[in-house]
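A short worksheet on the structure shown next.
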Number of protein chains: 2
Amino acid sequence: MADLTLEDIAKQAGVSRSTVSRVVNNHPNVRGEVRQRVLQVIEDTGFHPNAAARTLASQRSWTIGLLLPHSVSFFFTDPYYPHLTKGIAQACNQYNYTLALFLVGTKEDEEKIFPRVSRKGLLDGVIVQAGHHGDQEIIGHLVDAAMPLVVAGRPFRSDNVSYVDIDNINAAASAVSHLVRLGYQRIGTISGPANSTVGLDRKEGYVKTLKERGRSVDDSLIAEGDFTEAGGYYAMQKLLPAKPDAVFAASDIMAIGAMRAAKEAGLNIPDDVAFVGFDDLPIATLSSIQLTTIRQPVIQFGVKSVELLIDQIETGNTTPRRVILDTELVIRESCGASRRK
Amino acid sequence: MADLTLEDIAKQAGVSRSTVSRVVNNHPNVRGEVRQRVLQVIEDTGFHPNAAARTLASQRSWTIGLLLPHSVSFFFTDPYYPHLTKGIAQACNQYNYTLALFLVGTKEDEEKIFPRVSRKGLLDGVIVQAGHHGDQEIIGHLVDAAMPLVVAGRPFRSDNVSYVDIDNINAAASAVSHLVRLGYQRIGTISGPANSTVGLDRKEGYVKTLKERGRSVDDSLIAEGDFTEAGGYYAMQKLLPAKPDAVFAASDIMAIGAMRAAKEAGLNIPDDVAFVGFDDLPIATLSSIQLTTIRQPVIQFGVKSVELLIDQIETGNTTPRRVILDTELVIRESCGASRRK
DNA sequence: CTGGAAATTGGGAGCGCTCCCATTATTAAT
DNA sequence: ATTAATAATGGGAGCGCTCCCAATTTCCAG
C-alpha cells in the first residue's frame with residue numbers, strides 16, 4: 001500500500017512505464033494480454049496514479065470549484081443552496097471530477113479565496129453561484145484569468161459568460177396570474193433583495209402581471225425580504241397593515257416566515273390571506289399548510305451547470321452559452337385554489 | 001496573466017528560481033532589498049505558483065476532503081450538515097486549505113469516491129462525518145491508507161481514530177432531566193435511527209435518566225425517527241396513542257415535525273404536550289413555538305475537526321485524539337418551563 | 001517467404017515546483 | 001588586513017506523471 005508509482009507497476013508487470021500509463025488511461029494500442037497482466041498488478045497492489053503528478057503533466061486537474069460568494073449566510077438559511085450543491089456534487093461524481101467548495105463570507109475570505117481559485121494547477125473550471133450585485137468582480141477576475149466558467153443564475157452583466165438559469169420573470173408572473181385568476185384583489189409580494197437578479201426579476205414578474213391585468217401596483221403591498229425565514233416574517237409584518245388577501249413570496253422559506261407572521265396575526269390561511277412561494281423545496285410540503293409554489297429544477301440546475309462547464313473544459317470552446325430551465329406552478333393548499341373554484 | 005513560472009519571475013527580478021521560491025514561501029535568508037524586488041514583480045505580474053507542481057514537489061496538497069457518507073439525503077433535509085460544512089469551510093479558509101467535498105449517496109458513488117479520496121497527491125487529510133453504522137468500512141480504508149483522518153462524530157469503532165464529538169448521552173440526559181424536573185409524567189422520545197451512534201446515545205441518555213429517577217421506561221413512548229421533519233412527524237403520530245405529556249426529540253428538525261403532528265392532533269404546545277429538541281439550529285427559534293433544545297456548537301465542531309486534522313498533517317503525529325465539546329440546555333417556550341414554575 | 005504498413009512498446013523530455021548542497025558574498029572577530 | 005564564521009544565492013536532482021517519437025514487433029498481401 002506504500003507509495004507506488006507507474007514505474008513500480010511497470011516493473012512488476014514486466015512492461016514499461018508508458019504501457020502502464022496507457023492501461024491506466026484506457027488508451028488503445030495495448031495488447032489484450034498485456035493489458036490484463038497490468039490490470040492484475042494494479043488490482044493486487046491497489047495502485048492509483050498520483051493526482052498531482054498527473055495534473056502537472058497533463059495540465060488537467062479533474063477538479064472544479066464551486067464558489068458561493070456573498071451567500072454564505074444564506075447557504076445555511078435557505079435550503080436552496082444545499083440542494084444546488086447536491087446537484088453539482090452528484091454531477092461531478094458522475095463525470096469523475098472532484099468538487100472543491102469555496103464559501104466566501106467576509107472580505108478576508110475573498111482575499112484568500114480569489115488567488116486560490118484562479119491559481120493554475122488547482123481547478124479546471126469554476127461554477128459561480130451568482131445573481132448578487134457584488135459578484136461581478138469575481139466573475140470579471142475569472143474571465144480575465146481565462147478560467148472556464150459557468151454561472152449558476154443570471155449574472156448582472158451577463159454578456160460573455162455562460163450561465164444556467166430559469167425564467168424568473170415569467171415564472172413569477174405565472175404565480176401572480178394564478179392569484180389573479182383566483183379572484184384575489186389585494187395581491188402583495190415579498191421580494192428578494194434589490195441587489196440580486198433573482199429578487200429583481202421575480203418582482204418584475206409580479207409588477208408586469210398586475211399591469212397586464214389592469215391592476216394598479218401599490219407600494220404598500222410590496223415588501224423586501226432577504227431569502228430567510230425571518231426576513232419573510234418581518235416583511236409580512238410590514239405588509240399586514242395594507243391588508244393583502246394574497247401574497248407572492250419570492251422563495252419558499254420566506255413564504256413560510258410570512259405564513260408564520262400571518263398566523264400570529266390571527267389570520268387564516270388561505271381564507272384570510274393566500275400564499276404562493278417559489279422553489280418547491282421539500283419544506284414546501286412540510287409546513288402545516290401545504291405551500292403552492294413555483295417548482296424550479298434545482299438538482300437539474302446543478303447538473304446542467306456542471307455539464308456546461310465540463311463541455312467548456314474538454315472542448316476548449318468558451319463561446320458563452322445559456323441554458324434556461326423550465327419551471328412549473330405547483331398548486332397546493334396555501335393559495336386557496338380548491339376553495340375558490 | 002499568461003502562464004508564468006517561478007523561472008519567469010526570477011528572470012524579471014534578476015534572481016534565481018530558488019530565491020523566488022524562498023520569497024513566495026516566506027523563507028528567511030533573503031536580503032530585504034531582494035525580497036522587495038521579487039515581491040514587486042510578483043505583484044505586477046499577478047503570479048501564483050502552480051498548485052500541482054507545488055504539490056508534486058512537496059508532497060503536500062493543502063487540500064482536505066470532507067466526506068459525507070450515507071448522509072447525502074440528510075444533507076439537505078437536516079440543516080445540521082450545511083452548518084457543519086460551513087464551520088469546516090471557514091476553518092479551511094482560515095488555515096489556507098482548500099476544501100474538497102464528497103457527497104456519497106449510492107453504492108456507485110462510493111466506488112468512484114473511495115479511490116479518489118485515498119489517491120496520493122490529492123488530499124492531505126480527510127474529515128469523515130460519521131456515526132452511521134456503514135461508515136466503518138470507509139474509515140477502515142482510510143486508516144489502512146495511512147491518510148490523516150478526523151471523524152466528526154463518534155464512529156462505531158472508535159479506537160485508533162481521532163474524533164470530535166459531544167457527550168450525547170449526558171446532553172440528552174440533561175434534556176430529559178429538565179422535563180422530569182418540570183413534573184412531566186409521561187415523557188416520550190423520538191430517537192434517531194438505531195444504526196447511528198447519535199441515535200443510540202441520545203436514546204440511552206433518555207433511558208438512563210428515567211431509570212435514575214425511578215421511572216419506568218415504556219416502549220410505547222419511544223419512537224424511532226430518521227432526523228427528518230417528516231420522520232419526526234410520523235414518529236409523533238406513533239407516540240400519540242400513548243398520550244405523552246412531553247417529548248424529547250433527538251433533533252430540532254424532528255421536534256418541529258413532531259410539533260406539527262401534535263398541533264394537527266389538536267394538542268396545545270406546551271400545555272398538552274411539551275417538547276425539547278436537540279441541536280439549537282436557527283430553525284429552533286423560527287417555529288411558531290420557540291423550541292427548548294440542547295445547543296451543540298456546530299460551527300465549533302467543524303473548526304475543531306479541521307484543527308485536529310491539520311495538526312495531524314503538519315506534525316505527522318497520528319496518535320488518536322478525541323475532543324468532546326460542551327453542550328448546553330437552552331430553555332424557551334416549547335418545554336413549558338415558564339408556565340410550570 | 002518477403003516487404004511494407006500498422007500495431008505495439010520503450011524511453012526521453014518536460015510539466016513547475018521544492019529541497020539540498022555547493023558556491024559566493026557579507027560580516028565579525030582577531 | 002586576514003580568517004573564520006555566517007548569510008545569501010544559484011543550480012541540479014527529482015517529485016510521478018503524460019506525451020511524443022523512435023524502435024520494435026506483428027500482421028497481411030503479394
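A, B, ... follow the sequence lines: proteins, then strands. Residue 1 opens every chain.
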*Considering residues at least two apart in sequence or located in another chain, which fulfil the salt bridge (Lys or Arg N to Asp or Glu O under 4.0 Å) criterion with A:Glu108?*
none
_How close do A:Arg154 and A:Tyr163 get, counting heavy atoms only, and between which atoms?_
CD-OH, 3.8 Å
_Using C1' atoms of five pairs at each end, report the bend of the helix from C:dC1-D:dG30 to C:dT30-D:dA1 rounded to 10 degrees._
30°
*Among all residues two or more places apart in sequence or in another chain, which pass the side chain to side chain contact (heavy atoms under 4.5 Å, CB included) test with B:Thr319?*
B:Asn317
*Going by heavy atoms closer than 4.0 Å, what residues in residues 14-25 of chain B are next to DNA chain D?*
B:Val15, B:Ser16, B:Arg17, B:Ser18, B:Thr19, B:Arg22
*asked:* Filter on salt bridge (Lys or Arg N to Asp or Glu O under 4.0 Å), then keep only pairs touching residues 24-42 of chain B, sequence neighbours left out; what's left?
replied: B:Arg31-B:Glu33
*Return the set of residues passing side chain to side chain contact (heavy atoms under 4.5 Å, CB included) with A:Pro148 (not counting sequence neighbours), or none when no residue passes.*
A:Leu309, A:Gln312, A:Ile313
*Could you tell me the separation between the CD1 atom of A:Ile9 and the P atom of C:dG10, rounded to a whole number of Å?*
15 Å
*If you look only at pairs with a residue in residues 121-142 of chain B, which of them pass as a salt bridge (Lys or Arg N to Asp or Glu O under 4.0 Å), with sequence neighbours excluded?*
B:Arg60-B:Asp124
*Which residues pass the ring pair (Phe, Tyr, Trp, His ring centres under 6.0 Å) test with A:Phe301, sequence neighbours left out?*
none
_Among residues at least two apart in sequence or on other chains, which ones pass salt bridge (Lys or Arg N to Asp or Glu O under 4.0 Å) with A:Arg54?_
none
*asked:* Applying ring pair (Phe, Tyr, Trp, His ring centres under 6.0 Å), can you list everything that pairs with A:His48, at least two apart in sequence or on another chain?
replied: none
_Tell me every residue that passes side chain to side chain donor-acceptor pair (under 3.5 Å) with B:Asn195, counting only those two or more places apart in sequence or in another chain._
none
*Taking for each residue the nucleotide of DNA chain D bearing the nearest heavy atom, is the 5' side occupied by A:Arg31 or by A:Glu7?*
A:Glu7
*Provide the start and end nucleotides, 5' to 3', of the part of DNA chain D that has atoms under 4.0 Å from heavy atoms of chain A.*
D:dG16 to D:dC20
